[in-house]
Amino acid sequence: QIAVRAPGGRGADLVMLQLPRGFDPRDPCVVVVASSGSRGIYGALPTAAEWGLRKGCAVVTTDKGTGNGFFDHSRGAGIRVDGVTTTDLSDPLLGFVPDPAAPAPAPWRLSSKHAHAGVDPETQWGERLVAATRVGFEWLNVEYRGRLHAPLTPANTRVIASGISNGGAVVLRALELDGGPA
């Protein structure tokens, strides 16, 4: 998992790659799934992610910039994607860090990425899914470095993008941007 900072905001797009034991890099399949609603990256798992893992596909999930990310101002701590709290605001697993230039809120306040990140991720949903897909391929190529004749790319890999509700809208927006295999 990684937190990828979105330009112009304090939120992060969370991306996760899962590799099933049966993944075959000589006949690769990648399922890219965007979560629906305000769900985090785990919210996409019960949709096409589960199907992809059972079929031996690598699965890339993303929260598309709207998933969970909380900051507890009373403790000066962010909550990581794995549920662990930390005061290390440079931790890449933090999905949200409040703007340090913003006025200090009441000390008992809890801020969330969706409401307080200062970014409208919906305007970039297609770009965000394309970026998450690129990250997934980068991780796959690191994992299989030295064991492949050529790097895995969308041109030599079956790629299936899926989502339900506004996760489906994310996929459609990404398809509108797609200029073909890269």
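Reckoned from all heavy atoms, side chains included, excluding hydrogens, waters and symmetry mates.
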Inset, instruction - Determine the sole option in T85, L94, L110 for which the side-chain contact (heavy atoms from CB on, under 4.5 Å) test with F70 is passed. - result: L110
Legend entry - Those residues that, when tested against T47, pass side chain to side chain donor-acceptor pair (under 3.5 Å) (two or more places apart): none
Inset, instruction - Please name the pair of heavy atoms, one in G76 and one in T87, separated by the smallest distance, quoted to 0.1 Å. - result: O-CG2, 3.5 Å
Legend entry - Side chain to side chain, V31 and V60, heavy atoms closer than 4.5 Å: no
Legend entry - Pair D88-T86, side-chain donor/acceptor within less than 3.5 Å: no
Inset, instruction - Give the minimum heavy-atom separation between L129 and A34, together with the two atoms involved. - result: CD1-CB, 4.3 Å
Legend entry - Exercise: identify the closest heavy-atom pair between G126 and L177: C-CD1, 3.5 Å
Inset, instruction - Look only at the side chain of T153 and the backbone of A155, and say whether a donor-acceptor pair between them is shorter than 3.5 Å. - result: yes
Inset, instruction - Look at the side-chain heavy atoms of Ile, Leu, Val, Met, Phe, Trp and Tyr, link any pair under 4.5 Å apart, and say whether I164 and V171 land in one connected group. - result: no
Inset, instruction - Looking only at non-hydrogen atoms, find the nearest pair between G136 and L17 and report the distance. - result: O-CD2, 4.1 Å
Inset, instruction - Locate the shortest heavy-atom distance separating F96 from S111; write the atom from each residue and the value. - result: CE2-CB, 3.7 Å
Legend entry - Within-4.5 Å side-chain heavy-atom neighbours: V170 and R128: no
Legend entry - Side-chain heavy-atom pair N166, W125 within 4.5 angstrom cut-off: yes
Legend entry - Pairing of R158 and D27 as salt bridge, 4.0 angstrom limit: yes
Legend entry - Side chain proximity check, V33 to L45, heavy atoms < 4.5 angstrom: no
Legend entry - Side-chain touch Y144/F23, heavy atoms, less than 4.5 angstrom: yes
Inset, instruction - Give a yes or no on whether the backbone of L152 and the side-chain of N141 come within a donor-acceptor separation of less than 3.5 Å. - result: yes
Legend entry - Check: K64 side chain, S35 main-chain N or O, donor-acceptor pair, under 3.5 Å: yes
Inset, instruction - Considering non-hydrogen atoms only, spot the tightest contact between V97 and L89 and give its length. - result: CG2-O, 3.7 Å
Inset, instruction - For N156 and P151, indicate whether the former's side chain and the latter's backbone hold a donor-acceptor pair under 3.5 Å. - result: yes
Inset, instruction - State, with a plain yes or no, whether a side-chain heavy atom of F137 is found less than 4.5 Å away from one of V159. - result: yes
Inset, instruction - Report whether W139 and V32 are members of the same hydrophobic cluster (ILVMFWY, side-chain heavy atoms less than 4.5 Å apart, transitive linking). - result: yes
Inset, instruction - Report the distance from atom CZ of R26 to atom CZ of R147, rounding to the nearest 0.5 Å. - result: 11.0 Å
Legend entry - Hydrophobic cluster identity match, I160 and L175, side-chain contacts under 4.5 Å: no
Inset, instruction - Take T61 and V15 through the side chain to side chain contact (heavy atoms under 4.5 Å, CB included) test and state the conclusion after the steps. - result: CA-CA 6 Å; T61 56; V15 180; over 6 Å; no
Inset, instruction - Determine, for R54 against E50, whether the closest basic-nitrogen to carboxylate-oxygen distance falls under 4.0 angstrom. - result: yes
Inset, instruction - Using a 4.5 Å cut-off on heavy atoms from C-beta on, say whether the side chain of L14 contacts that of T62. - result: no
Inset, instruction - May I ask you to test the M16-Q18 pair for a side-chain heavy-atom distance under 4.5 Å? - result: yes
Inset, instruction - State yes or no: do V135 and L148 share one hydrophobic cluster built from I, L, V, M, F, W and Y residues joined by side-chain heavy-atom distances below 4.5 Å, directly or via other members? - result: yes
